[in-house]
Amino acid sequence: MSTGMPSTAPQEGGFVRKASGLVRDFSQLDAWIYNVIAINIVLNVALSYVLIAVTYPEASMWLALVLAGIFCTFEAIVYAFFTTAMPRSGGDYVFQSRVLGGGVATLFAFSAVTLSQMIWMALAGWFGANLIMSPFLILLGAAYNAHWMTSTGEWFLTDWGIFLTGCVCVLWAAIVNIRGLRVYAMLQRYFFWVGMVCLVVVLVMLLFSSHQDFVNNLNSFMANNFDTKNAYQETINRGGDASFSFSLGKTILASVIASFALIYPAWGVMQAGEIKRANSLSSNVKAIVGAEVFSFIMVAIMAALLASKIGTHFLYASGTLFYEGAENNPLPVPPFFGFFVALVGNATIFVWLAFVMFFAWFWMWFPNIPLGGTRVMVAMSFDRILPEAIGKVDRRTHTPVVAITVFSIICVGLLALYAFVPEFVTLTLGLLVLNITGFAATMVAAIFFPYKKKKMFESTVAARYKFAGIPVMAIAAVVFLVFVVFVDVQAIRADELGLNGTKGLAFVGGTYLVAAIVYVTSKVYRKKKDNLDLSVVYQELPAE
């Protein structure tokens, strides 16, 4: 592992240099925390509960999350094996390119981990404005009769509010990433443990409260601060009715929505070359599989408590009014997890508790977006797909400053589209398809790895684990791949998910087109300029 700035002269084999310049500053505990924050059991699922209730009212929320979590655990197993075999920064790109080739890796990994994550940074601004700053300022403004807080909260919902919130997110993420993983890990620990303490308190509050407590507190709060009488029943009356009888079939369909947040247990593999003991299977199982199991159990518990204490009918009605943009919605903020838990206790301190919890889980969530995205860019630069400058690593901070800067600038441009062009939002509904399909390509690579790279596979610990003569890694990959096919088919055929519109599919196709152009252009350019066949690069693992 190099600790200084390596030579940038092209080397034999096609790599742009002999070492990446990255260093191992993440411990395995840091990797576990990072993966849990990437899944984000508070923020990513904040609206998922209500979305499941609205889309499939006959589904069991907690069971849908458990089903999705079990399938994603098989995904996590594959990544634990793959990372042990190829502990290199670049994650999915390295796995796919070394088994399936650079074209496949650029098409799927670059799309899922870099291009689509630039959109996620725009979504980070939306999340921060809509799910944290606006609702909590409105609630606190009402509680303290502070009109400036209420007005500020309403401002965050405007185009400029979302855009400027997003700009702050992009700037903060860039600064944290440029400072290096040692600083990143320190900040991450502080925010994570504060967020976890608040979450545990919230769960205990939910556990020892009753459904009637929530009804009374909501009615009292809304009557005193928004002059809305009997808000609980009024929300149900205006939101309509549905069948709430349990359906296993609907629960299975709801697992598609549940998977939206649970497919990221291995986000840390993007910087595997910067994690200590990344070549240890037991360490990777704890950091990756452990993150998935912990996360889906936690969100399933939260879903069960919400359904019990808040009420399925109320979740359905409040969600219907919100998602349909009803003007007669009696609730002043989106019906998300934080709003509900803030009203479980009949005191303003609980609003503050929920605010701090969401803020803590949010503030170190979005920095992992450019962290993963730029490490794929570095790996592609190392393989000479992207310009050499993209992969340069600062000798003092050991971070790819140029890659982070380029990534951030593009994010701001997409953020402007997201905030000021309403039609752009509908284009991004295909993010789930892009991401989960990108991970599916890694599953395909895992299936072929023992056969296409037999010598490399046999030299890894993954070769020791077989069932009926078949590598466990490949079996786990097949299981998750079946789930991905199910999710993608549902995304295309199920109108209620809203992902199969022409605009959404055009966005997915357009992203793949950009990735394909990058690869073909680089392949032609390298052949003409350097007389280099890029396929040579993928015959061996890049040095760290």
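Given the structure is predicted, the values throughout are model-derived calculations rather than measurements. Note: hydrogens, waters and symmetry copies are ignored here, and every other heavy atom, side chains too, is used. Index from 1, following the sequence.
- The closest donor-acceptor contact from the side chain of Thr165 to the backbone of Gly128 lies at 3.5 Å or more, if one exists at all.
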Review point. When you look at Tyr512 and Phe108, which way does the ring-ring contact (aromatic ring centres under 6.0 Å, His included) test go after all the steps?
Key: CA-CA 7 Å; Tyr512 286 141; Phe108 292 103; 5.6 Å; yes
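- Residues Cys169 and Phe362 are in side-chain contact: their nearest non-hydrogen atoms beyond the backbone lie under 4.5 Å apart.
- Residue pairs meeting the salt bridge (charged side-chain N to carboxylate O under 4.0 Å, His left out) criterion with at least one partner in residues 183-200, sequence neighbours excluded, are Asp30-Arg189.
- Shown here are the ring pair (Phe, Tyr, Trp, His ring centres under 6.0 Å) partners of Phe82, two or more places apart in sequence or in another chain: Phe95, Phe449.
- A donor-acceptor pair under 3.5 Å is formed between the side chain of Ser459 and the backbone N or O of Met456.
- When only modelled atom types and interatomic distance are considered, Asn368 and Tyr184 share no side-chain donor-acceptor pair under 3.5 Å.
- The shortest non-hydrogen separation linking Ile257 to Ile52 is CG2-CG1, 3.7 Å.
- The two atoms that bring Val113 and Gly372 nearest to each other are CG1-O, 3.6 Å, heavy atoms only.
- The nearest pair of heavy atoms linking Ser89 to Gly273 is OG-N, 3.2 Å.
- To the nearest 0.5 Å, atoms CE (Met357) and CD1 (Ile132) are separated by 10.0 Å.
- Taken from CG in Leu371 to CZ in Phe407, the straight-line distance is 10.0 Å, to the nearest 0.5 Å.
- Residue Leu29 holds its CG atom at 4.0 Å from CD1 of Ile33, rounded to the nearest 0.5 Å.
- Leu414 has its side chain out of reach of Tyr418: every pair of non-hydrogen atoms, C-beta onward, lies at least 4.5 Å apart.
- A side-chain hydrogen bond (donor to acceptor under 3.5 Å, both in side chains) with Tyr264 is found for one member of Asn40, Asn35, Asn435 and no other, namely Asn435.
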Review point. Taking it one step at a time, do Lys392 and Val401 satisfy side-chain contact (heavy atoms from CB on, under 4.5 Å)?
Key: CA-CA 7 Å; Lys392 286 186 176 180; Val401 177; over 6 Å; no
Exercise for review: Evaluate the side-chain contact (heavy atoms from CB on, under 4.5 Å) criterion for residues Tyr34 and Gln271: first the C-alpha distance (whole Å), next the side-chain angles of each, then the deciding distance (0.1 Å), finally the verdict.
Suggested key: CA-CA 11 Å; Tyr34 180 89; Gln271 65 268 18; 3.2 Å; yes
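- Taking OG of Ser408 as the reference point, atom CD1 of Ile178 lies at 6.5 Å (rounded to 0.5 Å).
- At a threshold of 4.0 Å, the pair Arg375-Asp92 does not count as salt-bridged, since none of the basic side-chain nitrogens sits closer than that to a carboxylate oxygen.
- For the pair Tyr93/Val104, no side-chain contact is recorded, criterion being any heavy-atom separation below 4.5 Å from C-beta on.
- The closest side-chain heavy-atom distance from Met121 to Leu415 is not below 4.5 Å.
- Annotation for Ala258 and Leu65: closest pair CB-CD2, 3.6 Å, computed over non-hydrogen atoms.
- In this structure a side-chain-to-backbone donor-acceptor pair under 3.5 Å is missing from Trp267 to Ala38.
- Residues forming a side chain to side chain donor-acceptor pair (under 3.5 Å) with Thr437 (at least two apart in sequence, or on another chain): Asp488.
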**Study point:** Candidate pair Ile369 and Met118, rule side-chain contact (heavy atoms from CB on, under 4.5 Å), full reasoning
**Key:** CA-CA 8 Å; Ile369 296 173; Met118 292 171 177; over 6 Å; no
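- Ring orientation note: the planes of Trp32 and Phe192 are nearly perpendicular, at an angle over 60° on the 30°/60° scale.
- Counting heavy atoms from C-beta on, the side chains of Met86 and Val99 come closer than 4.5 Å.
- No close placement of the Trp365 and Phe191 rings is indicated, their centers lying 6.0 Å or farther apart.
- No side-chain heavy atom of Phe26 sits under 4.5 Å from any side-chain heavy atom of Lys276.
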Practice item. Take Phe74 and Ile70 through the test side-chain contact (heavy atoms from CB on, under 4.5 Å) and record every step on the way to the result. Key: CA-CA 7 Å; Phe74 284 96; Ile70 290 173; 4.1 Å; yes
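- Around the CZ atom of Phe420, the shell of radius 6.0 Å holds more than 12 heavy atoms that belong to other residues, nucleotides or ligands.
- A distance-only check finds no donor-acceptor pair linking the side chain of Trp172 to the backbone of Pro367 [under 3.5 Å].
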Pairs under 3.5 angstrom only: tabulate donor-acceptor contacts from the side chains of residues 279-303 to other protein residues two or more places apart or in another chain.
| unit_1 | atom_1 | unit_2 | atom_2 | d |
| --- | --- | --- | --- | --- |
| Ser280 | OG | Arg277 | NH2 | 3.4 |
| Ser280 | OG | Ser282 | OG | 3.2 |
| Ser280 | OG | Ser283 | N | 3.3 |
| Ser280 | OG | Ser283 | OG | 3.2 |
| Ser283 | OG | Arg277 | NH1 | 2.8 |
| Ser283 | OG | Arg277 | NH2 | 3.4 |
| Asn284 | ND2 | Thr84 | OG1 | 2.9 |
| Asn284 | ND2 | Ala278 | O | 2.9 |
| Asn284 | ND2 | Ser280 | O | 3.1 |
| Ser295 | OG | Ala291 | O | 2.7 |

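- The two residues Gly161 and Ala129 make their nearest non-hydrogen contact at O-CB, 4.4 Å.
- Between the side chain of Ser116 and the backbone N or O of Leu434 there is no donor-acceptor pair closer than 3.5 Å.
- A donor-acceptor pair under 3.5 Å is formed between the side chain of Ser522 and the backbone N or O of Ile385.
- Ring orientation note: the planes of Tyr79 and Phe439 are nearly perpendicular, at an angle over 60° on the 30°/60° scale.
- Listed by chain and number, the residues in a ring pair (Phe, Tyr, Trp, His ring centres under 6.0 Å) with Tyr465 are Phe81 (sequence neighbours excluded).
- Here the closest non-hydrogen pair linking Pro370 and Thr374 is O-OG1, 2.6 Å.
- Using a 4.5 Å heavy-atom threshold, the side chains of Tyr451 and Phe457 count as separate.
- In this structure, Lys466 places its NZ atom where more than 12 heavy-atom neighbours from other residues, nucleotides or ligands lie under 6.0 Å away.
- Counting heavy atoms from C-beta on, the side chains of Phe358 and Val42 come closer than 4.5 Å.
- Residue Ser255 holds its OG atom at 14.5 Å from CZ of Phe260, rounded to the nearest 0.5 Å.
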Could you pull out every donor-acceptor pair under 3.5 Å between side chains of residues 471-481 and any protein atom, sequence neighbours left out?
none

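- To the nearest 0.5 Å, atom OG1 of residue Thr397 and atom CZ of residue Arg179 are 9.0 Å apart.
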